[in-house]
Amino acid sequence: MAPALKVRWNYQRAVSILRNPRAAADPRALRRAVGLLERSRAAVPAGDPLLTQILHALAGAHHGMFRLTKDSAELDRAVVHGEEAVARALDADDAVPARGGLAVILASRFEWTRDVADIRRAADVLEPATARESTDPFERATLLATLGQIQMLLFRETSQGADIDRAVGALETAAALAPRHPVSGRFLTSLANALALRFEAGGHPGGLDEAVDRGRRAVAHLDRPEARDLPAMEAAGYRSNLASILAQRFDAAGDPADLQESVDLLRAAADSVRDPLDAAGLHGNLALALTIRHQHLGSLEDLDEAVERARRSVATGPTADITFPRRASTLAGALALRHSSTGSPADLDEAITAFRLAAAPAQEAGAAADPDLPLWLSNLSTALIVRFEAAGAQQDLLEAVAASRRASAAEVPELRRAPVESQLAAALTRLAQHAGSAADADAAVEAALRAVASGQQGARQAPRPGYAIWLHRLGDAHRARHRLTGRTQDLTAAVDAYTRASDVRTAPFTVRARSAREAGLAIGERDWRAAADAWEKATGLLAAVADRRISRASRQRQLVRFDGLALDAAAAALNVGDPARALAALEQGRGVLLTQALESRSDLGELDRLSPELASEFRRLAMLVEADTAGALPLGLDAEPSGPGAERRRAERADAWDALVSRIRRTVPGMSRFLLPPPVSELTAAADQGPLVVVNVSTYRCDALLVTPDGVRAVPLPGLDAQTVAAYARALEARTAPGADPEEFLTELLAWLWTAVAAPVLEHAEPLLGAARRLWWIPTGLLALLPLHAAGLPPDDAGQRPPGVPELVTASYAPTVRMLRPPPPDAPDPTPGTLVVAVGPDGTRRGVRLALDEAAAVKRASAGGTVLLADGRATVARVREALSGAGRAHFACHGVTDAGDPSSSHLVLHGGTLEVRDIAVLRPPGAGLAFLSACSTAASGEILSNEAIHLSSAFHLAGYAHVIGTLWPVADSACLELTEQVYAALADHSPAEALRQAVTALRAEYLDSPSVWAAHLHLGR
């Protein structure tokens, strides 16, 4: 073979290897290509045009070897050959591919070494090639796109506006040159990224909207015929880039719709790529978006999916490439947040391990640190502080401070400095509190001030959502220093920072509510009016904290964080002499989930008259929203698929609900306050049958609010305190458990309740009782677990018992005042007939031993027909169906209170359970009385006691005007005896009076056994 032919043949063989994806991924094949090209280079004359092509290919081969081996020497060889190819090019046309190849290699070396000279050289090399208008339009567009990417990298290093402007200009030209090419979406998505980066730099206020527009055009390009055969990974990249920009716009403006769209795009991208290695980064991006959405809305389901996606990303992606630390950090962040919601130590330990992996140098010796390292170190610091708080290991706190200091000392772009400095402030604040160090407290305040100042620099039309967190930590730092030094100005500064944080409208509602709460706690007794204002603001945010867009379980978890807030707000209002304001705070900050459910069942009589179309739409939407609120399906609503689609349906319904309510208020005359919290004057109208006694138990003070149609007045209760209430409530469960002897404990408890609460209340309420002597207890906090309705002193030495609550009044309960509002005028009368559900014990379930005897007693006393579902016939489906046709429902079965998740509390039926969430969505027409002769059906447990989530309140919410339930397990024989007496009295008396008569009779008979008669209570009007 002639030498010239052999040279060309070796060159072509090498090029075929480089163009073959499989060969290009094989180091042996690449080494063979390098050998062929070296032989060709040695044999070709210096003036031959082929030499430039050989050198260009040789540079590409060494670059490919670097990608596989991460050997920086290969990268250096690639640069040398690329520079020589450019230098030896005989004309401008010959130089175009050589310049493009060298620019890509220099950019790659820059990403490895962070040497700005490389990225500057890359831009200088490529710019002349992009200026040649005679070049093929697509080839020129590709070169311009590469130039734009390089100038974006240069801008990230230099922060010079001219660099990002040049990047945008190059990418705009690229997108215009090839609008119908199969891969023109690449140019649009790169342009979108450049516009987003320019916006982040503080220029072009509308640039983020432009970026979203270009990103959407790139995604829309996927639907064109010419893009039909694009690789899945490229299509996924378009969606992923748009998702990132939407997340950025959410960070800037706080619109949840952007975050929802971002999650949808990332999920579609990740699930469209089959190769696990390729999909790893996409799963990581989705995990990050889900984590951000959890931080904004509080959805536990988002967090669980984020952990699962991030684990998949770490497990399936490469461990040696530069993306691994980012993927590990995303996993760590999701785990750390899940720990904060669930308290799982395993999640926290795994998070810290993953943060350490992310923060550790991932590159070989000599490689530059990742620019995200300061952020990962800050996240590691956060997790270590959380573990220190849980376990108390000082080493965790010291490592957290060291990590934050290292992050703060690193080179961080100004726009990203705020979170780093803020976390340093948080770490130093905790160290100052732990060690009592004023110097650390000073350093914490200084770091927090730097964070806020940096955040202010980055603010444009509205503060970023993170700005509230930075302000909150500034408040923490000032407050910690005040505790150490006593300086009043620090306390003033803390309150100011918390207040400013609570006013950041783009921030998550949980952050705003927490900041408002801390403002009140900080000022406290120094200025009760200011504390009342702060806590009123916080309680006003709780409905938004329990966002309808997230599941019921997530809403419960969000509200747990603010348990007791409304009680303190009421105490502050009472300290400034405003009992009406105290009542409003309790109504707004307690029973938030009940209120959401009540909203969907509002009286629509007036709306029916004024706008039948809107009333009909409200009923339709209310059923769908209520299903989401309760986490269960009402009768008549078909089951819907669970999973990611459920979150979108929930969000869409919540948005539609908000829009409909706003439209009703705006367009229907006289309906401007539709579903708004009722004024106190409307609340007091609920006391038309007797006084309502709202007992507020706060650590600051305890009072009873007497609510009558004439207004609200406070009765101080100096004998009541939160600590004693908590001690009795926590002891009640153990002392009334099966097998225990509760009588002495209950006797003591009832006497204390009489002295501390009932006696002073009845003294003030006596003139208000009227002939019916009706009274309603609305206890707050853990007092809701105690039997106020049975309070009284024990018998004296002569065996005589002084009159107690059962003898003096007919007492009922309500979770909130709003639950006692009169039914609408068109409410149907109770349906005739009684459903009796009787489930005895068998080998697979717990039940009531005398269930059938109890059922027989109810049947004997009931008029209008009785339907009995006993044992095997008492299935969940049959019971739910039968409830719709009976005015009374009597359950003689086992009840279970789930203290961890009150919505899962349930009645045990045959082959299944009837949960609180299932009951709450029922709407049986003509519901009258539900008698729950089961264990603890009116007890919610310590968690969310202010939400009153239990079986009795669920039946009341379902529409039963009267519910009889129990606060603890009661012996089967006692249940049977009380049931017989109640039903005997129902012939002539209301359910509340019938229960009172039965209790007083049993109280007289079982003088020293309060467990027999004190557990049953009446809930309702």
Side-chain angles (χ1 to χ4, degrees), residues 579-580 582-584 586-587 590-591 678-696 703-717 753-754 757-780 783-784 786-792 803-825 827 830 928-929 938 948 952-953 956 960-965 982 985-986 988-1000 1003 1014 1016-1021:
L583 178 63
L586 291 171
E587 283 297 298
R590 296 177 64 256
V680 170
S681 59
E682 187 177 324
L683 292 173
T684 58
D688 58 332
Q689 297 182 12
L692 316 180
V693 183
V694 183
V695 187
N696 189 51
D703 303 82
L705 299 177
L706 281 182
V707 182
T708 69
D710 295 328
V712 185
R713 60 190 177 100
V715 177
L717 299 176
L753 287 171
W754 172 262
V757 184
V761 165
L762 290 178
E763 179 183 352
H764 287 80
E766 179 63 34
L768 310 170
L769 290 173
R773 301 191 68 78
R774 290 285 278 127
L775 177 145
W776 278 264
W777 295 110
I778 304 176
T780 66
L783 187 63
L786 303 182
L788 282 170
H789 62 283
V805 172
E807 288 82 14
L808 296 173
V809 293
T810 302
S812 298
Y813 286 87
T816 65
V817 173
R818 270 179 282 188
M819 291 288 284
L820 287 174
R821 285 189 292 181
L929 166 66
S952 294
S953 65
H956 190 42
Y960 289 87
H962 306 276
V963 182
I964 294 175
V982 167
L986 277 176
D988 302 308
H989 300 284
S990 69
E993 176 60 20
L995 178 62
R996 187 195 73 81
Q997 292 185 12
V999 166
T1000 52
R1003 192 168 184 254
H1016 288 77
L1017 58 80
H1018 173 264
L1019 187 148
R1021 285 183 62 85

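Nothing here was measured: the structure is a model prediction, and the numbers come from that model. This chain uses plain numbering: 1 for the first residue, then up along the sequence.
Expressed to the nearest 0.5 Å, how far CG of D703 lies from OG1 of T780 amounts to 10.0 Å. Summarising the geometry, atom CG belonging to L808 is positioned 9.0 Å from atom CG belonging to L769; distances are rounded to the nearest 0.5 Å. Between the CG atom of L986 and the CD1 atom of I964 there is a distance of 6.5 Å, given to the nearest 0.5 Å.
Taking both residues in full, the closest heavy atoms of A772 and T810 are given as O-OG1, 4.2 Å, listed atom of the first, atom of the second, then distance. Between W777 and A811, the closest heavy-atom pair is NE1-CB, 3.7 Å. Contact between L768 and P691 at its shortest, heavy atoms only, is O-CD, 3.7 Å. Heavy-atom minimum distance, G1020 versus S812: O-CB, 3.7 Å. When all heavy atoms are compared, the tightest approach of L786 to Y813 is O-OH, 3.8 Å. Residues P709 and A687 come closest through the heavy atom pair CD-O, 3.4 Å.
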Could you walk me through whether L586 and L705 pass the side-chain contact (heavy atoms from CB on, under 4.5 Å) check? CA-CA 11 Å; L586 291 171; L705 299 177; 4.0 Å; yes

Walk me through whether L775 and V805 qualify under side-chain contact (heavy atoms from CB on, under 4.5 Å). CA-CA 10 Å; L775 177 145; V805 172; over 6 Å; no

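R590 contributes no side-chain N or O that, together with a main-chain N or O of T816, makes up a donor-acceptor pair within less than 3.5 Å. Between the side chain of E587 and the main chain of R818, a donor-acceptor pair closer than 3.5 Å is present. A donor-acceptor pair under 3.5 Å is formed between the side chain of R996 and the backbone N or O of P806.
Take R713 and apply the side chain to side chain donor-acceptor pair (under 3.5 Å) test, not counting sequence neighbours, and it matches no residue. Considering only residues two or more places apart in sequence or on other chains, R774 meets the salt bridge (charged side-chain N to carboxylate O under 4.0 Å, His left out) condition with none of them. With sequence neighbours excluded, no residue forms a ring pair (Phe, Tyr, Trp, His ring centres under 6.0 Å) with H1016. In this structure H989 satisfies the side chain to side chain donor-acceptor pair (under 3.5 Å) test together with Q997, sequence neighbours excluded. Applying the side-chain contact (heavy atoms from CB on, under 4.5 Å) rule to P679 yields the partners R673, S681, E682; only residues at least two apart in sequence or on another chain are considered.
Ring geometry for H962 versus H1018: interplanar angle of 30 to 60°, hence tilted.
Residue pairs that meet the side chain to side chain donor-acceptor pair (under 3.5 Å) test with at least one member in residues 684-696, sequence neighbours left out, are D688-R1021.
The side-chain heavy atoms of L753 and L783, taken from C-beta on, include a pair separated by under 4.5 Å.
When the options L692, L820, L583 are evaluated for a side-chain contact (heavy atoms from CB on, under 4.5 Å) with L683, the one that passes is L583.
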